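The block underneath contains the structure these notes are about, expressed in structure tokens.
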Amino acid sequence: MGREARTDPGKFVNGAYDETMRSLLVLLTFLGGFASAQKISGFDAGALDRNADPCVNFYQYACGGWLAANPVPSDQSRWGRFDALAERNRTILQGILEAASANKPGRSPVDQKIGDFYASCMDTKLIDQKALAPIQPDLDLIQGMNAKTAITGVVTHLYSIGSNPFFNFSSEPDSKNSSEIIAGLDQGGIGLPDRDYYFRTDEKSVEIRKQYVAHLLKMFELLGDATEVAAKRAEAVMKIETVLAKGSLDSVSRRDPTAVYHRLTVKELISLSPGFDWETFFKEMGLPGIQSLDVSIPPFIRAMESVIVESNLDDIKSYLTMTLLHDRSIILPAKFQEEAFDFYGRILSGAKEMRPRWKRCTDQTDNALPDALGERFVEKTLGEEGMKRTHELVAALEKSLGEDIQSLSWMTPKTKQEAMVKLHAIMNKVGTKDHWLDYATVRIIRGDAYGNLSRTDEYEVHRQLEKIGKPFDRTDWHMSQPTVNAYYDAQENGINFPAGILQPPFYDNKMDDAVNFGAIGAVIGHELTHGFDDQGRQFDAKGDLRDWWTAQDAKAFEERSDCLVKEYSSFVGPGDAKLNGKLELGENTADNGGLRVAYMALMETLDGKEPPKRDGFTAAQRFFLGWGQVWCENITEESARLQAQTNPHALSEFRVNGVVSNMPEFQKAFACKTGQPMVRYPACRVW
Ligand SMILES: [Zn+2]
């Protein structure tokens with residue numbers, strides 16, 4: 001469980017690089033390492049393995065030198081050039097936070113907040129000294145329940161401080177009418193990474209479940225329970241979570257937007273789960289007049305009802321206690337953090353040691369006060385030239401995607417016309433926000449790490465819920481500006497590029513267009529293509545779930561998508577990590593479409609003039625190397641398996657080879673021959 005990312009992830013938001021697992025383990029696993037001042041460039045000739053044949057294994061050719069020189073650091077579960085950039089951003093944030101945390105008179109209100117939040121998180125001596133005192137009132141509230149009728153009140157309190165037992169609850173645009181913001185109630189409440197972890201029968205999965213129960217037992221022991229009591233409580237938590245998991249929808253099925261949308265009246269919700277006092281919950285959360293909402297997965301609510309009805313009250317107390325401990329482990333005494341790391345970091349991800357405290361507290365502050373820190377970060381990093389060239393790239397990529405759509409042989413003119421309307425309506429948000437959140441009402445008290453986290457969580461929970469009934473604010477973001485990622489939001493019909501990613505290896509002022517188009521250009525193309533992947537294509541220009549495809553075109557799309565499902569399902573990564581082509585379909589469609597459209601845009605920009613070779617490579621070769629080197633990454637076997645099972649993105653090696661082997665443009669650039677591994681037959685192509 002750990003703490004979820006603070007900004008609402010959004011149901012139909014697709015990033016370039018998935019953060020699910022990272023937010024799950026946020027502050028427990030690692031991004032950073034040795035390279036705080038490492039120089040990163042868009043293309044690095046030293047990263048190549050010139051002994052490899054680009055037509056046999058292009059990833060090895062583009063990254064082999066880098067891979068050999070950059071093993072996974074002991075406090076990481078993976079280490080890639082992507083992570084090196086995140087690490088550099090983190091170092092910039094650290095500088096801002098260290099300066100703000102110096103307790104000098106005359107600090108600005110924003111510096112007081114970010115500085116004292118960070119300083120409180122860093123003060124492990126005080127945290128250890130206080131021991132359980134800060135969390136005790138919340139634990140007592142759970143322990144003090146004397147009847148099941150008390151559950152609603154306690155769950156409501158936990159929600160208001162940002163702990164999420166049983167379910168996830170926030171606001172969202174209505175899938176069928178995105179101009180209306182409604183309440184959304186979704187599955188949640190489990191401590192393993194995904195519902196399938198509770199049911200897989202292979203040896204490794206059975207072992208992980210055993211280790212998870214052992215971890216729960218130790219957490220209860222740390223709270224002071226005798227071993228026999230702790231063992232019973234751990235079993236109870238596992239039993240409850242297994243029932244919730246059973247009622248949850250698997251992640252492949254969740255890709256279907258209609259499968260996760262059920263607008264019900266509050267009365268209908270109550271009939272699914274009369275054991276929970278929904279009306280009181282809504283009222284206490286500040287939504288007294290609510291009439292209807294999206295109950296994403298009705299069978300999940302029935303599963304929750306069966307937990308409330310069939311479990312004894314002590315078991316429910318154990319479950320709520322564990323949810324709170326997981327959600328708060330970062331600011332609990334060291335022994336709790338070490339135990340949480342042992343399971344989520346070491347066992348699930350294969351990291352060997354915990355990240356240094358400053359990295360975890362920096363992430364924690366970025367998570368809790370994203371705009372206060374983000375505004376400073378943007379001031380320090382994003383230059384005018386970077387901003388200007390990125391906007392030009394977006395325009396070039398949108399133009400090329402339009403030409404690509406027009407030229408498709410499998411799509412009829414009617415659907416093409418609708419696709420063009422949607423493409424032209426895409427909103428571009430690049431590198432900064434129109435308005436920054438104001439945290440004036442959030443009290444940050446130096447030395448009160450627990451209270452600070454509860455109050456910032458409370459602020460965010462209510463900020464999200466206050467959107468209900470108001471017009472859709474398309475200018476809001478789901479990621480903080482220092483984040484190394486980007487996303488397309490189907491309901492917003494918008495692409496979003498935080499300042500954090502507009503730097504090398506993605507975008508480099510000193511690089512030629514070829515490298516930049518292959519790196520950030522392909523990521524822009526990737527996000528645009530999400531509007532037209534298996535999920536995104538079901539939403540229209542306004543962000544509403546509406547079928548604008550002719551039956552014939554939809555069928556042709558599915559046949560072509562199926563080629564990608566088969567291709568990626570055939571890949572096996574480190575630790576016998578088998579890729580799931582269905583889970584990854586949207587991302588692989590976006591990678592393939594994105595790189596193709598970026599290539600078209602580069603060719604248009606070069607306008608038939610071949611620039612002189614650089615580092616011995618043609619522009620086309622540098623374009624593909626730009627793409628390949630973004631993904632250079634070493635990964636532990638544990639982390640590779642975790643990613644293959646839960647993450648909609650392919651492992652890095654296949655993000656490179658899976659795409660280039662489908663592209664005749666690549667084969668021409670490196671003079672590959674029919675029958676070589678990087679010349680796939682039949683090649684897959686959707687966009
Ligand atoms: Zn994506």
Side-chain angles (χ1 to χ4, degrees), residues 3 5-7 26-27 30-40 75 83-127 330-331 354-384 386-387 431-433 435-453 455-457 459-460 477 479-485 498-504:
R3 287 173 44 70
R6 287 296 306 280
T7 37
V26 77
L27 311 168
F30 308 111
L31 294 156
F34 57 89
S36 52
Q38 192 182 43
K39 176 82 189 73
I40 313 166
D75 68 346
D83 301 293
L85 172 55
E87 185 65 7
R88 207 182 64 168
N89 288 352
R90 187 174 292 104
T91 310
I92 295 168
L93 295 180
Q94 182 198 19
I96 298 169
L97 289 170
E98 294 283 348
S101 67
N103 201 358
K104 284 190 217 134
R107 278 187 302 172
S108 72
V110 171
D111 277 351
Q112 183 273 322
K113 287 189 204 303
I114 57 176
D116 287 350
F117 189 98
Y118 177 75
S120 308
C121 179
M122 288 298 287
D123 195 348
T124 49
K125 207 173 143 211
L126 184 61
I127 289 172
I330 174 83
I331 33 83
M354 216 187 304
R355 273 190 313 171
R357 183 78 185 173
W358 74 263
K359 294 184 187 178
R360 291 181 285 144
C361 288
T362 300
D363 286 359
Q364 177 84 357
T365 316
D366 180 40
N367 232 6
L369 298 161
D371 278 15
L373 200 46
E375 193 172 4
R376 293 289 154 85
F377 177 83
V378 170
E379 281 165 19
K380 277 191 186 290
T381 54
L382 193 69
E384 245 171 66
M387 193 73 163
T432 188
K433 290 186 80 170
H435 50 88
W436 301 94
L437 297 178
D438 177 7
Y439 299 105
T441 57
V442 186
R443 266 189 318 134
I444 303 296
I445 301 167
R446 201 172 181 100
D448 184 15
Y450 189 87
N452 290 342
L453 192 52
R455 287 187 292 273
T456 51
D457 270 353
Y459 171 85
E460 181 62 15
W477 286 70
M479 283 174 188
S480 76
Q481 289 302 321
T483 307
V484 182
N485 209 335
I501 197 173
L502 304 177
Q503 304 175 81

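Owing to the predicted nature of the structure, the values given are computational and were not obtained by experimental measurement.
Listed for the N485 side chain is no donor-acceptor partner under 3.5 Å among the backbone atoms of I501. Side chain of S101 to main chain of G115: no donor-acceptor pair is present (N/O by atom type, distance under 3.5 Å, no hydrogens or angles). Within the 3.5 Å criterion, the main-chain N or O of A100 finds a donor-acceptor partner in the side chain of R107. A distance-only check finds no donor-acceptor pair linking the side chain of D123 to the backbone of A119 [under 3.5 Å]. Side chain of R357 to main chain of C121: a donor-acceptor pair is present (N/O by atom type, distance under 3.5 Å, no hydrogens or angles).
Using a 4.0 Å cut-off between charged nitrogen and carboxylate oxygen, E375 and K433 do not count as a salt-bridge pair. Ion pairing between D111 and R376 holds under the 4.0 Å rule for side-chain N and carboxylate O.
Y439 is listed as a side-chain neighbour of D371, based on a closest heavy-atom distance under 4.5 Å. The side-chain heavy atoms of T91 and W358, taken from C-beta on, include a pair separated by under 4.5 Å. No side-chain heavy atom of R455 sits less than 4.5 Å from a side-chain heavy atom of I444. Between R88 and P504, some side-chain heavy-atom pair lies under the 4.5 Å cut-off. Within the 4.5 Å cutoff, side-chain heavy atoms of L453 are placed close to those of Q364.
For the residue pair Y118 / Q94, no side-chain donor-acceptor distance below 3.5 Å is found, with atom types taken as modelled. Looking at T365 and T362, their side chains never bring a donor and an acceptor atom within 3.5 Å of each other.
From R90, atom CZ reaches atom CZ of R360 across 11.5 Å, with rounding to the nearest 0.5 Å. One distance of note links OG1 of T456 with CZ of R443; it measures 12.5 Å at 0.5 Å rounding. Rounded to the nearest 0.5 Å, atoms CZ (F117) and CG (D448) are 10.5 Å apart. Here W436 contributes atom CH2 and D438 contributes atom CG; the two are 13.5 Å apart, rounded to the nearest 0.5 Å. Note that CG of L97 is 11.0 Å distant from CG of D116, once rounded to the nearest 0.5 Å. In this structure, CG on D366 lies 5.5 Å from OG1 on T483, to the nearest 0.5 angstrom.
When all heavy atoms are compared, the tightest approach of V378 to G431 is CG2-O, 3.8 Å. The nearest pair of heavy atoms linking V110 to A372 is CG1-CB, 3.8 Å. Annotation for S480 and P370: closest pair CB-CB, 3.8 Å, computed over non-hydrogen atoms. Taking all atoms of both residues into account, the shortest heavy-atom contact from L93 to F377 is CD2-CD1, 3.7 Å. Of all non-hydrogen atoms in P482 and G374, the two that sit nearest each other are CD-CA, 4.2 Å.
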